[in-house]
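Here the structure comes first, spelled out in structure tokens, and everything after it is commentary.
Numbering of ligands and ligand atoms starts at 1, following listing order.
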Amino acid sequence: MVKDELLMIPGPTFLAESTLKAMSRQMISHRGKETGALLTSCIERLKEVFRTENDLFILTASGTGAMEAAIANIVEPGDKVLCTTCGKFSERFKKIAEVFGAQVIEVSSEWGNAIDPEKVKAALDENGDVKAVTVTHNETSTGVRNHVEEISRIVKSHGALLIVDAISSMGGDHVPVDDWEIDLCLAGSQKCFAIPPGLSFISVSDEAWEVIKRTKRKAFYFDLVNYKKSLEKTPPQTPYTIAITLLYALDDALNLMFDEGLDNVIARHHRVAKLARDGIKSIGLKLFPVREEICSVTVTAVKMPEGINDQELRQKVREHGVVISGGQDKLTGEIFRIGHMGRVTEREINITLKAIKQALSDLKFPLKEEALIQK
Ligand SMILES: *Cc1c(COP(=O)(O)O)cnc(C)c1O
């Protein structure tokens, strides 16, 4: 990244100066007391962010590693897994479940819409003995937030495990793991936590442990039983070498989050998301999600305006100092996305909206005049 360029993509997100500095520390033993204390302290605070009393582990792997860990520890060939799909990341869960031999039942909605809980209910009523249900809380590819709480009530009344990918929302949005009875909940480091890519977090409920214990697990690096055993050692540790530098970064990032206050962090994400949506609409552009109530609070997906080329637009926005994302897979060229997770405040949203407005004006797009954008 060019210096002074503002990174507004849905992960990796830009880091605080103190986090950058924390990572320049010397190495320590990965099985020593100091690492043990750091690990324990980070896990205790992560549990508060997750609002859970469940076990929680830190994996040295990007978010997809945590997705694989969830499936690998739960699924045996032939097990029925219901995968809800509404975009690229939720479809990834389906692919992983298939790799582990699951009999996948898919409940999908069109990209840009949220999962219909009624369809989940119908599929569970129709298929007995579904072992687990996967839900992507925040579908980063479409800017849509799913109603996990409602889906959870249905899943729980059918006795299945609930696996939730909260990779791009945990730490930015309200995801109370225990209240919503999420059995395996996943988060990633380079999204709302504002540390570099390379760590992911996974919480495991008692009910999930019961299933894990009686499952013939096809996992080695991600065998969660080993993570639990290692954490119970003195000093606490991970089975394989943890990314120590990223643990330094996590410690600092959690300090920043707790200094601000977890509720304030979430409120800030809601505020900047609304500012982004209002700004986009005031320019005369349209949000991609089909209804505003289902819009994500960490990423805003916008329909590409008629007659404007997606790559050209993003190039122009970059010339005005801001990096935004395009669409993925079938949404390539159809949408662009603004990430507003992690350290993002009103200031960065205003800079981004101004850059988009200038870029559109460069490309001769007729801007709506009432623009909300402040200098
Ligand atoms: C980013 C993301 C992932 C994948 O994470 P990686 O760190 O790229 O492996 C999975 N799910 C969602 C919802 C994401 O936003």
Please check this pair: side chain of [X] against backbone of [Y], looking for a donor-acceptor N/O pair closer than 3.5 Å.
X      : Y      : result
Arg268 : Gly342 : yes
Ser203 : Asp55  : no
Thr140 : Ser168 : no

Give every pair formed by an N or O atom of ligand 1 and a protein N or O atom closer than 3.5 Å, one pair per line with both atom names and the distance to 0.1 Å, or write none.
residue: ligand 1; atom: 7 (O); partner: Ser62; partner atom: OG; Å: 3.4
residue: ligand 1; atom: 7 (O); partner: Gly63; partner atom: N; Å: 2.9
residue: ligand 1; atom: 7 (O); partner: Gln190; partner atom: NE2; Å: 2.8
residue: ligand 1; atom: 9 (O); partner: Ser62; partner atom: OG; Å: 2.5
residue: ligand 1; atom: 9 (O); partner: Gly63; partner atom: N; Å: 3.3
residue: ligand 1; atom: 9 (O); partner: Thr64; partner atom: N; Å: 2.8
residue: ligand 1; atom: 9 (O); partner: Thr64; partner atom: OG1; Å: 2.5
residue: ligand 1; atom: 11 (N); partner: Asp165; partner atom: OD2; Å: 2.6
residue: ligand 1; atom: 15 (O); partner: Thr140; partner atom: OG1; Å: 2.5
residue: ligand 1; atom: 15 (O); partner: Lys191; partner atom: NZ; Å: 2.7

Identified side-chain contact (heavy atoms from CB on, under 4.5 Å) partner of Ile115 from the options Ile294, Asn146, Val148: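 When side-chain contact (heavy atoms from CB on, under 4.5 Å) is applied between Ile115 and each of Ile294, Asn146, Val148, only Asn146 qualifies.
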Option passing side-chain contact (heavy atoms from CB on, under 4.5 Å) with Leu186 (candidates Ile167, Val164, Leu59):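 Output: one option passes, namely Ile167.
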Pair Tyr240 and Phe220, ring centroids less than 6.0 Å apart: yes
